[in-house]
Number of protein chains: 2
Amino acid sequence: MSENAVRRPTIVEVARLAQVSHQTVSRYLRHNGGLKPDTVRRVEAAIEELGYRPNLVARSMRTRRTGRLAVVLPAPALLLPTRLLSAAAAVAHEAGFLMEVVSVEGGPVERSRHAWELISSGQVEGVLSLSSLPGLSDQPRTASSAAFVVVGEYDDELRGIGELADASVVGEIIEHLAGVGHRHFVHIAGPDAWSSARARRQVYTEVIERLGLVSHGVVDGDWSAQCGYDAVRALAEDSPVTAVIAANDPMATGAVRAALDRGWGVPQRLSVSGWDDLELGRFATPSLSSVVVDREEQGRVAMERLIALVRGEPEPEAARLPLNRLVLRESTGPAPVLGRRA
Amino acid sequence: MSENAVRRPTIVEVARLAQVSHQTVSRYLRHNGGLKPDTVRRVEAAIEELGYRPNLVARSMRTRRTGRLAVVLPAPALLLPTRLLSAAAAVAHEAGFLMEVVSVEGGPVERSRHAWELISSGQVEGVLSLSSLPGLSDQPRTASSAAFVVVGEYDDELRGIGELADASVVGEIIEHLAGVGHRHFVHIAGPDAWSSARARRQVYTEVIERLGLVSHGVVDGDWSAQCGYDAVRALAEDSPVTAVIAANDPMATGAVRAALDRGWGVPQRLSVSGWDDLELGRFATPSLSSVVVDREEQGRVAMERLIALVRGEPEPEAARLPLNRLVLRESTGPAPVLGRRA
DNA sequence: CGTGGAATAGTGATCGTTCACTTTTCCGTC
DNA sequence: GACGGAAAAGTGAACGATCACTATTCCACG
């Protein structure tokens with residue numbers, strides 16, 4: 001396979017051409033200094049002439065360091081948290097690591113197995129997972145010097161950083177809406193496999209109960225606009241529901257569209273809130289009330305934890321809780337007067 | 001660094017424990033067969049007892065195969081083509097490769113250097129780039145046995161698969177709009193660094209001219225909704241422009257919102273078309289006329305080309321052109337009667 | 001001019017696997 | 001029971017770097 005290419009030159013060949021020892025070339029490559037200017041020149045010339053490039057696999061083998069960190073994602077992650085990844089990558093690069101996104105097909109178990117494979121095969125020094133890795137912590141730690149971190153927001157074990165604090169904004173939304181007259185709510189939740197979805201659902205239920213409001217159900221959504229659409233479409237024409245709390249912006253968008261399609265004004269007849277503050281939600285009509293989530297900060301914090309772990313340093317203070325902030329826009333407003341339609 | 005973990009057992013230690021030679025263990029690992037059942041049992045027991053996991057770095061070094069393909073992205077790719085990536089990953093996994101997404105900061109040159117590094121350092125067997133890699137083809141091919149493929153849609157050298165055919169839909173849009181009375185257009189383009197953006201812009205200019213229509217300028221956008229907003233905001237109140245061709249859905253969304261904000265009906269006063277058929281555009285109000293792009297197919301085709309290249313097989317037929325299809329929705333309509341506002 | 005210590009450069013082992021051979025074992029047959 | 005050939009297992013050398021030492025060169029100084 002692909003033996004069409006000429007064999008790559010090695011450090012020894014460079015050394016021979018430069019009339020030095022291979023170790024001298026290695027020193028040059030590692031920028032270790034302590035080389036005479038003339039030697040440096042000869043080595044550089046030899047490298048240039050042969051088109052030599054160090055074999056990083058061989059180097060990794062000897063040094064037992066790969067400089068690679070992996071981020072493991074479910075393969076069908078249509079909703080790639082790109083802002084989080086970008087920020088995480090920036091931190092990784094800053095620290096001299098190469099960050100790789102590995103998408104793994106199959107369920108959590110398959111993903112977990114794969115992540116473990118990556119870690120224990122010496123291919124990467126650390127793994128950042130955006131979804132839970134069931135059973136991974138049971139693995140014998142002896143076989144690996146790698147580290148893994150599961151991002152709180154997506155953690156499946158409810159031990160993420162400030163996870164419940166995160167979902168607490170659901171409470172703020174409901175309190176605000178209740179304050180402007182809303183009594184009857186529906187929640188469009190995300191898939192149960194996502195702890196962030198579960199947390200929001202849980203807070204929703206608790207707060208509705210605490211405030212003595214009425215929940216007309218929790219819809220099991222799949223994060224897609226379509227399911228948000230279907231959820232509102234499924235409401236009775238005379239449904240008393242006046243507020244929909246969607247667990248993300250696409251579902252909220254679908255809900256808004258369904259309301260408008262049946263002639264319900266948003267927010268005159270129905271208030272809808274989303275989550276994530278997508279750019280498109282800001283420019284939609286009506287613009288979407290949503291929750292600003294600092295994905296960049298999440299990505300940075302997660303990657304910093306991972307790198308600290310990999311380096312054996314103490315974990316950075318968990319004090320930096322990513323702040324979620326409610327942003328009210330046009331899709332929410334006062335509840336309609338009972339019995340009237342807007 | 002991370003010397004906290006116990007050293008990992010090697011094949012030799014497994015062999016010693018199983019009272020066989022290291023080569024026998026290797027045979028077992030490679031599933032080469034030809035082992036007595038009893039030997040297999042002893043090896044398996046030893047592996048189990050030691051918690052042995054093969055060192056993939058060492059294996060890669062010897063076999064000169066990594067089983068890894070990389071996808072190189074610009075780090076600030078806020079618009080990660082996730083559907084394309086998912087499909088590409090599926091193909092890669094199918095073929096027994098691990099696909100990694102490497103995001104590289106810096107400009108095209110930096111990215112190109114990095115991609116070259118990946119290829120020539122033996123870390124990956126192939127690189128799929130979604131953005132151009134200037135100068136990469138100039139590199140001496142001798143030093144590498146790896147392959148690289150640049151996805152047409154994002155190619156910078158205008159030699160992608162059906163690239164112009166791709167942008168030709170711009171012509172369809174304009175022809176359609178001209179057919180319903182539009183004469184005065186504006187194009188909101190993507191950054192010039194993206195060949196897809198350039199192609200759309202070029203077709204826009206050509207078709208406007210060919211049909212004898214009037215272009216009131218091409219706005220240099222950055223793919224964001226904000227710039228689409230600003231573009232329409234910048235039009236004069238009595239601008240004759242009645243149709244905006246945006247190069248993607250977010251910019252189109254911004255344009256729609258700006259129009260509505262200044263009291264221009266969409267599509268009564270201004271028609272707006274996007275590109276990519278994002279789910280949110282379908283559920284927006286008004287729903288966005290857009291261009292359906294088969295990102296999955298693009299991803300599949302690109303990855304298949306790469307794998308064929310890596311394996312030294314002939315490239316698969318380039319016959320499978322991803323089809324782009326215009327979808328008309330609510331954001332486009334007949335041109336307003338001259339001199340009247342909707 | 002000899003000496004010593006820093007600055008440079010070299011030598012051989014090593015990382016953990018697989019490859020290419022060689023050797024031993026096994027078993028049926030003459 | 002010796003023979004032969006296949007099956008099973010073993011031996012030592014790679015792969016291409018770096019590490020841990022050792023050796024040489026250089027130069028200031030007594």
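In what follows, chains are A, B, ... by sequence order, proteins preceding strands, each numbered from 1. Quick note: numbers below take in every heavy atom, side chains included, and nothing from hydrogens, waters or symmetry partners.
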**OP:** Test salt bridge (Lys or Arg N to Asp or Glu O under 4.0 Å) on E296(A) and R300(A) and set out the steps.
**Re:** CA-CA 6 Å; E296(A) 283 82 4; R300(A) 271 191 295 272; over 6 Å; no
Original post:
the helix from dC1(C)-dG30(D) to dC30(C)-dG1(D): angle between its terminal axes, five pairs each, to 10°?
Top reply: 60°
Original post:
Is there a donor-acceptor pair under 3.5 Å between the side chain of E125(A) and the backbone N or O of T66(A)?
Top reply: yes
Subject >> Main-chain N/O of R53(B) paired with R8(B) side-chain donor or acceptor, under 3.5 Å >> reply: yes
Original post:
Can you name the nearest heavy-atom pair linking P9(A) to Y52(A), along with the distance?
Top reply: O-CD1, 3.4 Å
**OP:** Determine yes or no for a side-chain-to-main-chain donor-acceptor pair under 3.5 angstrom, with R198(B) supplying the side chain and D192(B) the backbone.
**Re:** yes
Original post:
Do S121(B) side-chain atoms and N55(A) backbone N/O form a donor-acceptor pair below 3.5 Å?
Top reply: no
**OP:** Consider only side-chain N and O atoms of E44(B) and Y28(B), and report whether a donor and an acceptor are under 3.5 Å apart.
**Re:** yes
Original post:
Heavy atoms under 4.0 Å, any strand shown: does Y52(B) hit a base, just sugar-phosphate, or nothing?
Top reply: sugar-phosphate
Original post:
5' to 3' on DNA chain C, which nucleotides open and close the contacts with chain B (atom under 4.0 Å from a heavy atom)?
Top reply: dG16(C) to dC26(C)
Subject >> Summary of protein contacts for nucleotides 5-15 of chain D, nucleotide by nucleotide, where a base hit scores B, a sugar-phosphate-only hit scores S (4.0 Å, heavy atoms) >> reply: ---SBBBBBBB
Original post:
For E313(B), does the CD atom sit with more than 12 other heavy atoms under 6.0 Å from it, leaving out its own atoms?
Top reply: yes
Original post:
Roughly how far, to the nearest 0.5 Å, is CZ of R30(A) from OG1 of T63(A)?
Top reply: 7.0 Å
Subject >> S26(B) side chain vs H22(B) backbone, donor-acceptor pair below 3.5 Å >> reply: no
